[in-house]
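The structure appears right after this line, and notes come after that.
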Amino acid sequence: MPTSHATDAAKPAASGGVQSLERAFDLLERMADAGGEVGLSELSASSGLPLPTIHRLMRTLVACGYVRQQPNRRYALGPRLIRLGESASRLLGTWARPYLARLVEETGETANMALLDGDEVVYVAQVPSKHSMRMFTEVGRRVLPHSTGVGKALLAHSPAEEVAALLARTGMPAATEKTITTPEGFLAALEQVRSTGYAVDDNEQEIGVRCLAVPVPDSPTAAAISISGPAGRVTEAATDTIVPVLQEVARELSAALSSTGGASGA
């Protein structure tokens, strides 16, 4: 058994890397997709890897603190991943800033980037409008998804039952009289996002403020970008001009995020 482990660890992957590393990260992502806790047989079925290989990789991840074994013998994502995730989230905001700056330049309004963190939306980057009258949504602010354009963009492609469960956990308090406060109304709004390709917050988080948002396609974690400003400027007519810019910048940001690891050589 020790001999096969050494051979597996040294075997190069198709990408030129180390196969066991690729397999370990693949297992971590499968665990995340499964909700953070899985059994070995589930991982074997989804990955196609033999149980001895998975057991060996998980034992190493447990020893490093990236996975922990539960009393029920199932495996869960470990606490050391939290620090990595927090650092990566901050970097994601840093990488996004030039793209948000372009949004501000082309639309004149404040540009934001937001992620879904648990059941909440958290803003991780912002470039403010040059207008004196603008929306102030500081980086680090947390809001509930049902009252925001970015929340709708982030949840638009989630299964309806998952969205309903999230809404049941958070409740749907009204931030303004225009906030959507029923699951049926919010699911209908998500259907509209899927149909049009963008989300709208029409005075739902703050009276007098409109927000337009789009998801960042193929982002490593669910992300959305938005512009927000006074309803008198972010009008229905302005939407036709702003949305194509948002969608183009989202595609460019997606391409940049997917290529960040591939530029460096050996």
Side-chain angles (χ1 to χ4, degrees), residues 88-117 120-157 175-176 178 189-190 192-193 196-260:
S89 293
R90 288 193 293 271
L91 283 174
L92 196 60
T94 301
W95 293 329
R97 279 188 61 82
Y99 298 88
L100 299 183
R102 181 186 154 196
L103 277 177
V104 174
E105 187 176 329
E106 297 203 20
T107 69
E109 305 299 343
T110 297
N112 308 286
M113 182 179 190
L115 308 178
L116 194 63
D117 184 19
E120 296 177 315
V121 170
V122 58
Y123 291 93
V124 296
Q126 182 191 84
V127 175
S129 165
K130 294 177 175 62
H131 291 290
S132 57
M133 184 179 175
R134 60 182 186 262
M135 181 181 178
F136 291 93
T137 300
E138 65 276 8
V139 171
R141 183 186 179 195
R142 291 174 175 271
V143 294
L144 295 181
H146 72 281
S147 61
T148 62
V150 284
K152 294 172 189 172
L154 287 165
L155 292 174
H157 297 285
T176 75
K178 298 199 69 175
L190 297 188
Q192 183 72 10
V193 176
T196 62
Y198 67 95
V200 181
D201 159 11
D202 188 4
N203 294 269
E204 296 162 50
Q205 178 67 28
E206 186 177 342
I207 289 296
V209 173
R210 291 186 88 237
C211 172
L212 304 172
V214 300
V216 178
D218 303 316
S219 174
T221 187
I225 58 173
S226 69
I227 65 93
S228 53
R233 288 202 305 259
V234 186
T235 60
E236 292 290 344
T239 298
D240 294 336
T241 303
I242 292 171
V243 167
V245 178
L246 268 171
Q247 292 171 331
E248 181 181 352
V249 171
R251 288 192 296 268
E252 291 178 0
L253 177 55
S254 172
L257 291 176
S258 66
S259 66
T260 49

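Because the structure is predicted, anything quoted here is derived from the model rather than measured.
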Close side-chain approach of L103 and V127, heavy atoms under 4.5 Å: no

Pairwise side-chain contact, T110 with I227, heavy-atom cut-off 4.5 Å (strictly under): no

The reported gap from OG in S228 to CG in N112 (rounded to nearest 0.5 angstrom) is 4.5 Å

Across all chains, not counting sequence neighbours, the side chain to side chain contact (heavy atoms under 4.5 Å, CB included) partners of A224 are V150, A153, L154

Please determine whether side-chain contact (heavy atoms from CB on, under 4.5 Å) holds for the pair E204 and T148, giving the CA-CA distance in whole Å, both sets of side-chain angles, and the decisive distance to 0.1 Å. CA-CA 7 Å; E204 296 162 50; T148 62; over 6 Å; no

Test side chain to side chain contact (heavy atoms under 4.5 Å, CB included) applied to T241 - qualifying residues, sequence neighbours left out: none

R210/E109 ion pair, N-O < 4.0 Å: no

Counting C-beta onward and ignoring hydrogens, is there a side-chain heavy-atom pair between N203 and V209 closer than 4.5 Å? no

Q247 meets the side chain to side chain contact (heavy atoms under 4.5 Å, CB included) criterion, sequence neighbours left out, with V214, V243, R251

Value for CH2 (W95) from CG (L253), rounded to nearest 0.5 Å, stands at 10.5 Å

Is a donor on one side and an acceptor on the other found under 3.5 Å between the side chain of T235 and the backbone of A231? no

Taking every non-hydrogen atom, the tightest pair across V104 and P128: CG1-O, 3.7 Å

Close side-chain approach of Y123 and V143, heavy atoms under 4.5 Å: yes

Kindly state each residue pair satisfying salt bridge (charged side-chain N to carboxylate O under 4.0 Å, His left out) with at least one member in residues 238-250, sequence neighbours excluded. R102-E248

Just by distance, do the side chain of T176 and the backbone of I207 share a donor-acceptor pair under 3.5 Å? no

Determine whether a donor-acceptor pair (N or O, by modelled atom type, separation under 3.5 Å) exists between the side chain of S219 and the backbone of A222. no

Under 6.0 Å from the CD atom of E252, do we count more than 12 heavy atoms belonging to anything else shown? yes

Nearest heavy-atom neighbours spanning P215 and A250: O-CB, 3.7 Å

Salt bridge check, K152 against D201: does any charged N sit closer than 4.0 Å to a carboxylate O? no

Any side-chain heavy atom of L116 within less than 4.5 Å of one from V121? yes

If you look at every heavy atom in L155 and P145, which pair is closest and at what distance? CD1-CB, 3.7 Å

Within the structure provided, determine whether L257 and Y99 are in side-chain contact (heavy-atom separation under 4.5 Å). no

With sequence neighbours left out, the residues meeting side chain to side chain donor-acceptor pair (under 3.5 Å) with S147 are Q205

State which residues pass salt bridge (charged side-chain N to carboxylate O under 4.0 Å, His left out) with R142; sequence neighbours excluded, sorted by chain then number. D117, E120

Rounded to the nearest 0.5 Å, the CE atom of M113 sits from the CG atom of L100 at a distance of 7.5 Å

Do S129 side-chain atoms and G108 backbone N/O form a donor-acceptor pair below 3.5 Å? yes

Side-chain contact test, heavy atoms from C-beta onward, threshold under 4.5 Å: evaluate it for L246 versus I242 and give yes or no. yes

